[in-house]
Amino acid sequence: MPELPEVETTRRGIAPYVEGREIVEVIVRQRSLRVPVPSDLESLLIGGQFGELARRAKYLLLPLGDRTLLWHLGMSGSLRIARVGDTPKKHDHVDVVLEGSNILRYHDPRRFGFVDWLQGSADLDTRLSRLGPEPLSPNFDGQRLYRLSRGRRAAVKTFIMDNTVVVGVGNIYATEALFMAGIDPRRAAGRVSLERFERLAETIKTVLAAAITQGGTTLRDFVSGTGEPGYFAQRLNVYGRAGEPCRHCGLQLRQIVLGQRASVYCAVCQT
DNA sequence: ATTTGACCCTGCATGC
DNA sequence: TGCATGCAGGGTCAAA
């Protein structure tokens, strides 16, 4: 489910209901997530209140006192606001009950997500310390892509999905950005020119910003913190459209596998 | 050092 | 209708 725009949509959706509200109860129904739910989660949360919610890559950071909770939604996770009395559904694994009867409720059928304490500062936690720049920050540009890609034989699509290069670019938006930039996803990263990487960095920023504006992409089950679906799916040009005509030239879009992920592209428009 | 593959888990679409 | 198979938005780790 969630790529960067969906995580950002979630952060914005839940923040007003969560920040500064006292935590009165924590209910964990399933401790076996990708990382086991910490045994001290309940005791450390109850009575505290979260500070300002932040996002780094696809991680949500929820500061609480001198600690920070790190929450990752994996492929099928969602965090949304429920009310006390709303019956938990299957795969509603964690409830953080807040003063005022709102609940921060975590749902994750595949359990690839996790909630864990950040180990020390973000600089010390190896889950965060090796991450590349945020795609929407000025630190990320075509120069960086060009510099890091020299000599790399991996496909350019795989390259831009590498978290040490740039974070938050998952399969949907990598596919879309490459289409918008007119670059063949199979092309070796080391054989993409600076000029084309400048264009690609721009299309990555454009597509992510547009998706955030639309509240993310709902393919099957993504909902924002307040329960609404995202509307970016209607804007997708290539992802999920294999066999359908290219919106630009009309040729049938092709699907291949790169780095074990489905990749759709137009053989005419992307070279 | 880069790159590939397996793996974590459930649900859904597809085809027989 | 039932069953088997393959595939899915992510990330980590070991091995090649």
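As the structure is a prediction and not an experimental result, all values here were calculated from the model. Just so it is clear: chains get the letters A, B, ... in the order the sequence lines come, proteins before strands, and each one is counted from 1.
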In whole Å, I'd like the distance from the [atom1] atom of [X] to the [atom2] atom of [N].
{"X": "A/Glu3", "N": "C/dA8", "atom1": "CD", "atom2": "P", "result": "13 Å"}
{"X": "A/Gln260", "N": "B/dT4", "atom1": "CD", "atom2": "P", "result": "9 Å"}
{"X": "A/Asn171", "N": "C/dA8", "atom1": "CG", "atom2": "C1'", "result": "9 Å"}
{"X": "A/Leu258", "N": "B/dG5", "atom1": "CG", "atom2": "P", "result": "12 Å"}
{"X": "A/Leu70", "N": "C/dG11", "atom1": "CG", "atom2": "P", "result": "11 Å"}
{"X": "A/Leu128", "N": "C/dG11", "atom1": "CG", "atom2": "P", "result": "11 Å"}
{"X": "A/Asp108", "N": "B/dT10", "atom1": "CG", "atom2": "C1'", "result": "9 Å"}

message: Heavy atoms only, 4.0 Å cut-off, all strands: where does A/Tyr59 land among base, sugar-phosphate and nothing?
response: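 Since only primed, P, OP1 and OP2 atoms lie under 4.0 Å of A/Tyr59, the category is sugar-phosphate.
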message: Under a 3.5 Å cut-off for both contacts, is C/dA4 paired Watson-Crick or G-U wobble with anything, and if yes, with which nucleotide?
response: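 Base-paired to B/dT14.
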- prompt: In the structure shown, which nucleotide is the Watson-Crick or G-U wobble counterpart of B/dC9, with both distances under 3.5 Å?
  reply: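 Across all strands, not a single nucleotide pairs with B/dC9.
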- request: Would you state whether a donor and an acceptor, one from the side chain of A/Arg261 and one from the base of C/dA8, lie under 3.5 Å apart?
  value: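 No such pair is found, so the answer is no.
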field: N/O donor-acceptor pair, side chain A/Arg110 with base B/dC9, under 3.5 angstrom
entry: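 Donor-acceptor pair under 3.5 Å: yes.
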5' precedence on DNA chain C between A/Ala262 and A/Arg130 (nearest-nucleotide basis):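 Per heavy-atom nearest nucleotide, the more 5' residue is A/Ala262.
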Can you find a side chain N or O atom of [X] that sits less than 4.0 Å from OP1 or OP2 on [N]?
{"X": "A/His72", "N": "C/dG10", "result": "no"}
{"X": "A/Arg152", "N": "B/dT3", "result": "yes"}
{"X": "A/His91", "N": "B/dC9", "result": "no"}
{"X": "A/Arg111", "N": "B/dC8", "result": "no"}
{"X": "A/Lys58", "N": "C/dG9", "result": "no"}

query: With rounding to whole Å, what would you report as the distance between B/dA6 and C/dG6 at their P atoms?
result: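 B/dA6 and C/dG6 have their P atoms separated by 13 Å.
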query: In whole Å, what separates the P atom of C/dC7 from that of B/dG5?
result: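 So the two P atoms sit 14 Å from each other.
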- prompt: Does A/Asp86 come within less than 4.0 Å of A/Arg105, counting only side-chain N to carboxylate O?
  reply: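 Looking at A/Arg105 together with A/Asp86, the answer is no, because their closest N to O distance does not fall below 4.0 Å.
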[X] vs [Y] aromatic rings, parallel, tilted or perpendicular, using cut-offs 30° and 60°?
{"X": "A/His107", "Y": "A/His91", "result": "perpendicular"}
{"X": "A/Trp71", "Y": "A/Tyr106", "result": "tilted"}
{"X": "A/Phe197", "Y": "A/Phe159", "result": "tilted"}

- prompt: Hey, mind stepping through A/Tyr173 and A/Thr217 against side chain to side chain donor-acceptor pair (under 3.5 Å) and telling me if it holds?
  reply: CA-CA 10 Å; A/Tyr173 300 112; A/Thr217 300; 2.6 Å; yes
- prompt: If we require ring centres under 5.5 Å and near-parallel planes under 30°, does A/Phe112 stack on B/dC9?
  reply: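 No, aromatic ring not over the base.
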